[in-house]
Amino acid sequence: MDISYIINELAEDRENYYNAIAPPIIQSSNFAFNTVDDMRHAFADEYTTYLYSRGRNPTVDILRKKLAALDGADDCLIFNSGAAAIFAAVLANVKQGDHIVSVNKPYTWAQKMFNVILPRFGVTTTYIDGRFIENFERAILPNTTLIYLETPNSWDYALQDLQAVAELARAEGIITICDNSYCTPIYQKPIAFGIDLTLQSATKYISGHSDVIAGILCGNNKMIKKIFDSEYMNIGSGIQPFNAWLLIRGLRTLPMRLKHITNTTAAVFDFLNNHKQVEKVIFPFDKDFAQYDLAKQQMSGACGLMSFVLKADSIDQVESFCNNLTHILMAVSWGGHESLIIPKCAGMSRAHFNPAKPDHRLIRLYIGLEETEYIITDLQRGFNALLQ
Ligand SMILES: *Cc1c(COP(=O)(O)O)cnc(C)c1O
């Protein structure tokens, strides 16, 4: 399906709402019936009817259809956060005594679910270096029901070979879930490689304006209906109509935002990679990146996030670099209009800092929608401060 058609027309039933170009926000908790029989039908199957907005809502449905089509999936559910999408997807596919194989360092709240919540119900998790398929083969146990992927990782950009993992999992009857937040379906379609469920934090690129928290889960009809009927309805963390409307608006400009960020990212990458105060830049579309060939094979683009290691002798120098940026903001998240940094050392005590460890001097940079020169000039301001 044509991407412009998906974004501009698919699921927009304009004749039903005065030919308005922008869809209405159906901000209603419940829907009325004309006959008892209609109501009975809705009670029998909420998945196919409008009864109550914890289940289905017409504004949310427009977004569901667009996002499913973008991912090449049958259907899609939209949650009030990416974390909720992860929670529902995982919970739906494990029972007491099951085992999960997860990549190392998945998103923080996926990790907390695996480490803190699931063990209470007898579900255990083995973490592996997902860059090597042998590690998956070795970690699979007779009770493994789920493989959890995130490619690329949003800090070190480690990749998994989606097709190889999907083939292995299928042969063993194991469900696969992939966090696709870094690429979005514009740059990577996990379902085309045989992955069962793909999810994203819509808070990032789909929203694109740093004003919505939301999550997306896509898969085949059978799996999505099963999750809708159970975890989605029971957790009750579906997206609200107004936020769904904001995401529809964000989607309109998603391809052009990614295009712009991709160009700026290449220029900023070159600037950092050639800078004498930078030890190393980590970015999946760098020819020197260890998994460059795989990145090129399964991703049609890479942009926005990259990490770099500062040459610094002390934590004061790292902090000085960060504190002296005037346009690039220091904040979590990414995918919005504004460029951002997070220094790794903000997550550790100052006493623990060891300049000999490159990891302690690591800074994650997100490149927003500003012009290249504006970003580079600001980074140079940080480098100047580092020398003083
Ligand atoms: C932000 C993020 C999430 C969680 O999404 P929320 O919308 O914040 O709940 C999951 N995975 C990745 C890779 C993320 O960056």
Side-chain angles (χ1 to χ4, degrees), residues 60 63 67 71 76-91 100 102-117 127 130 147-160 162 176-188 190 195 197-218 231-232 235-240 242-244 246-247 250-251 254 258 261 282-284 295 299 302-307 329 331-336 338-342 344 347 362 364-368:
V60 175
L63 182 63
L67 289 170
D71 254 316
C76 161
L77 295 172
I78 327 267
F79 294 81
N80 233 340
S81 70
I86 294 170
F87 196 86
V90 171
L91 196 65
I100 297 170
S102 167
V103 291
N104 280 335
K105 297 185 206 155
Y107 183 68
T108 326
W109 292 96
Q111 245 178 106
K112 295 230 182 180
M113 181 181 192
F114 299 148
N115 295 348
V116 179
I117 296 180
Y127 294 101
I147 293 180
Y148 188 87
L149 310 171
E150 181 182 328
T151 182
N153 178 281
S154 69
W155 271 91
D156 62 14
Y157 315 100
L159 268 62
Q160 300 98 55
L162 287 172
T176 44
I177 300 177
C178 178
D179 184 333
N180 195 33
S181 300
Y182 183 93
C183 285
T184 82
I186 303 292
Y187 283 160
Q188 178 169 268
I195 297 299
L197 290 164
T198 179
L199 60 88
Q200 293 174 75
S201 167
T203 311
K204 315 293 162 53
Y205 284 126
I206 307 297
S207 154
H209 294 76
S210 301
D211 50 13
V212 182
I213 303 277
I216 301 162
L217 177 65
C218 290
E231 289 76 13
Y232 183 81
I235 301 170
S237 58
I239 195 169
Q240 295 295 306
F242 178 61
N243 280 354
L246 284 172
L247 293 186
L251 261 188
L254 176 66
L258 289 190
I261 294 171
I282 313 168
F283 179 63
M299 297 157 57
C303 70
L305 284 181
M306 65 175 79
S307 299
L329 303 172
V332 296
S333 197
W334 48 280
E338 76 292 7
S339 292
L340 299 168
I341 52 155
I342 307 180
K344 194 78 183 252
L362 190 76
R364 189 179 80 173
L365 172 67
Y366 165 69
I367 292 148

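Nothing here was measured: the structure is a model prediction, and the numbers come from that model. Numbering of residues begins at 1 and proceeds along the displayed sequence. When a ligand or atom number is given, it counts from 1 through the structure's own listing order. Excluded from the calculations below are hydrogen atoms, water molecules and symmetry mates; all remaining heavy atoms, backbone and side chain alike, are included.
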Between I206 and I216, is there a side-chain heavy-atom distance shorter than 4.5 Å? yes

Return yes if some donor-acceptor pair links the side-chain N/O of Q160 with the main-chain N/O of E150 below 3.5 Å, else return no. yes

Is there a side-chain contact between P185 and N180 (heavy atoms, below 4.5 Å)? yes

Taking the side chain as C-beta and beyond, is there a heavy-atom pair between W155 and K344 under 4.5 Å? yes

Per-pair distances, ligand 1 N/O vs protein N/O, less than 3.5 Å:
from, atom 1, to, atom 2, distance (Å)
ligand 1, 5 (O), S201, OG, 3.0
ligand 1, 7 (O), G82, N, 2.9
ligand 1, 7 (O), S201, OG, 2.9
ligand 1, 7 (O), T203, OG1, 2.6
ligand 1, 9 (O), G82, N, 2.9
ligand 1, 9 (O), A83, N, 2.8
ligand 1, 11 (N), D179, OD2, 2.6
ligand 1, 15 (O), K204, NZ, 2.6
ligand 1, 15 (O), W334, NE1, 3.3

Classify the ring geometry between Y157 and Y182 as parallel (under 30°), tilted (30 to 60°) or perpendicular (over 60°). perpendicular

Taking the six-membered ring for Trp, are F79 and F87 ring centroids under 6.0 Å apart? no

